[in-house]
Amino acid sequence: MSIICTKLFDQFNQLYSSFNPSYFIIGVTAFNQGIQHLSDLSVNYMLKDEYGLSPAMMGLYLSYTTLPWMIKPFWGIITDSKPLLGYRRKSYIILFGILDALGWIMMSKNKDGSLVSVLLLLFLIQLSICFVNVVGEAILVEVAAQAQREQQQNNFQHGASRNVSIFFGVRAVGSLLSAYSSGALLHYFTYQQIFMITSIFPMILVFVSFFYQEQRIDLNQLDQNDRKNNTTQCLKDFWQFFKNPLIYKPVMLIFAFMMAPSSSTIMFFFYTEVLGFDPKFLGQLKFMYAVASISGVLIYNNFLRDIQFRKIFLVTTFLYYLCYQSIIILVTRKNVEWGINDKIFCIGDQVMLQFVGELNIMPVLVLACRMCPKHIEATMYAMLMSTINFGSMLGSWLGALFLIWMKIDQTDYSRLWLFIAITGVFILLPLPWLYVVREDEILKQREKPIEEDKKEVQSSTPSTSKRDEVEEKVPLLSNEDNPNQ
């Protein structure tokens, strides 16, 4: 633990020499997102015990509440093109921070409420967290791009890796603190009291945001021809950039990778119903997850950030697959036959799974940061993050469908090992298409002005009369001659 703290201190010490005040609001935003996991166990236990949901139905219902994360580009377009009270970032953080806090307060007052009311409040909370997350990530990308321009960095990978590591590292610290407390709090407080405690943190974010220094925009002098202020132009720029095969093919690869069916809900039931883990131990387990996440972020940022994406993604994906398959040992109770205690096995196995998973996802997040062009940072990064979230949501749905199809529920876990074996294959499926990620060309495309890109497209397109001549002289490509077929 002391090594992790020392590494974190070193990371922030490196930032001090080139400190940008935006790092503070980025850190507070990330920490707020992580600390709100304080209520995760309370929500899970409430849905399981008070509303009697099965593993499949709990997974489906919770996935519905995350729908705001699927349309993050929409929130990105709003914050990029529509200033609120003269600010593109600050005002939105304050507005949705207040809505976030109100959501948790209403959850604390909703005792004995209907399942629908609970899901609607969780939806409001997720919407608020999501919008604040979009704004924080937009500031993150802006800072990285600004540092590159000011310092004329030849390797944008360093700036992007550092900023992404800071954001997700601080978020993991918030998750760590919430995990350390979440299980223990359930021994002393009710679900409603924990929800009220959680509402404090978004209010702190709101308070801090008032001090964030952002250039104010005169709403009366906005130039509608300025692409920063024009929603239609923002959408056109986004589409012009995204439709390039260098961009959309890696996005599809990320989407396919995140679609692996999820086992988190059924494992929560297995831990509580079969292994008899209490909330305190589950909180300790979540704490260890957070430690593993922070360790993964630090190791990636210090030792692995310069490794080519395809190499590190290939290796970590195989390692993650092997760690995931080791869950079969637990669900078949082989660890008991080998004399390994359930809690010890879970700590070792799940912590390693979380650690490798963090190493696996960090290159994806850095790649997403590097792909964002100027002026539509929030829109593009939000689209990439929504791709990850949408893939994760489909993974939850696929996991629930597999559970229903295989007739696995809280009364019968006999086929759980087969579920783990089958769903693990999905982790490896995207690997044959890793070649579509060409980092150097992606960076060149990112740095190219959108207007210049449009002119190149127009100049390379023959006029109507010339196009007719070309079509008369050149036969159409057959499928065998077309490299894209």
Side-chain angles (χ1 to χ4, degrees), residues 1 3-8 10-11 14 30 33-34 37 137 140 144 155 157-176 179 250 253-260 262-264 285-327 346-371 384-385 387-389 391-392 395 423-424 426-431 433-434 437 439:
M1 187 67 185
I3 297 177
I4 294 177
C5 293
T6 302
K7 283 292 184 181
L8 277 175
D10 291 340
Q11 290 291 314
Q14 291 175 14
Q33 185 179 345
H37 289 296
E137 289 174 344
L140 173 89
N155 190 356
Q157 175 86 350
H158 286 184
S161 298
R162 182 183 65 180
N163 287 356
V164 170
S165 298
I166 289 297
F167 185 88
F168 289 93
V170 173
R171 191 181 72 175
V173 170
S175 299
L176 184 148
L253 175 72
I254 293 172
F255 176 72
F257 173 71
M258 298 306 299
M259 275 184 60
S262 172
S263 61
S264 58
L285 198 58
K286 287 173 66 65
F287 174 78
M288 296 304 298
Y289 290 170
V291 172
S293 294
I294 295 174
S295 301
V297 169
L298 291 174
I299 288 179
Y300 174 82
N301 194 46
N302 284 280
F303 305 109
L304 305 176
R305 66 182 181 183
D306 294 326
I307 298 178
Q308 188 183 31
F309 173 84
R310 283 182 282 188
K311 291 181 180 179
I312 188 170
F313 188 78
L314 179 66
V315 173
T316 55
T317 299
F318 271 114
L319 289 176
Y320 185 79
Y321 169 77
L322 294 176
C323 291
Y324 181 75
Q325 291 301 295
S326 66
I327 299 176
C346 281
I347 291 175
D349 179 67
Q350 293 300 305
V351 166
M352 181 58 66
L353 182 66
Q354 187 74 20
F355 173 74
V356 176
E358 201 67 40
L359 293 179
N360 190 226
I361 196 64
M362 281 301 297
V364 175
L365 299 174
V366 172
L367 179 66
C369 184
R370 299 182 72 194
M371 292 170 67
L384 294 168
M385 293 299 101
T387 299
I388 293 175
N389 295 322
S392 297
T423 55
F426 284 78
I427 297 173
L428 302 176
L429 289 181
L431 292 183
W433 288 272
L434 269 180
V437 180
E439 293 177 86

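Because the structure is predicted, anything quoted here is derived from the model rather than measured. Quick note: numbers below take in every heavy atom, side chains included, and nothing from hydrogens, waters or symmetry partners.
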Can you measure from [atom1] ([X]) to [atom2] ([Y]) and round to the nearest 0.5 angstrom?
| X | Y | atom1 | atom2 | value |
| --- | --- | --- | --- | --- |
| Asn302 | Ile299 | CG | CD1 | 8.5 Å |
| Met288 | Met352 | CE | CE | 11.0 Å |
| Ile254 | Thr387 | CD1 | OG1 | 7.0 Å |
| Asp349 | Gln325 | CG | CD | 11.0 Å |
| Leu298 | Leu304 | CG | CG | 11.5 Å |

Grab the two heavy atoms, one from [X] and one from [Y], that are nearest each other, plus how far apart they are.
| X | Y | result |
| --- | --- | --- |
| Gln354 | Ser293 | NE2-OG, 3.0 Å |
| Thr316 | Val356 | O-CG1, 3.6 Å |
| Ser392 | Met258 | OG-CE, 3.2 Å |

Are the side chains of [X] and [Y] in touch, meaning some heavy atoms are under 4.5 Å apart?
| X | Y | result |
| --- | --- | --- |
| Ile388 | Phe257 | no |
| Val437 | Leu253 | yes |
| Ile327 | Gln350 | yes |
| Leu428 | Phe318 | yes |
| Tyr289 | Leu353 | no |
| Cys323 | Phe355 | no |

Sequence neighbours excluded, the answer for ring-ring contact (aromatic ring centres under 6.0 Å, His included) partners of Phe309 is Phe313

Applying ring-ring contact (aromatic ring centres under 6.0 Å, His included), name anything that partners Phe255, two or more places apart in sequence or on another chain.
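Phe255: ring-ring contact (aromatic ring centres under 6.0 Å, His included) contacts with Phe390.
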
* **Listed partners of Gln308 passing side-chain contact (heavy atoms from CB on, under 4.5 Å), at least two apart** =>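 Listed in chain order: Arg310, Lys311, Glu439.
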
Q.
For a side chain to side chain contact (heavy atoms under 4.5 Å, CB included) check, start with the C-alpha distance between Tyr300 and Ile312, then their side-chain angles and the critical distance, and finish with the verdict.
A. CA-CA 10 Å; Tyr300 174 82; Ile312 188 170; 3.8 Å; yes

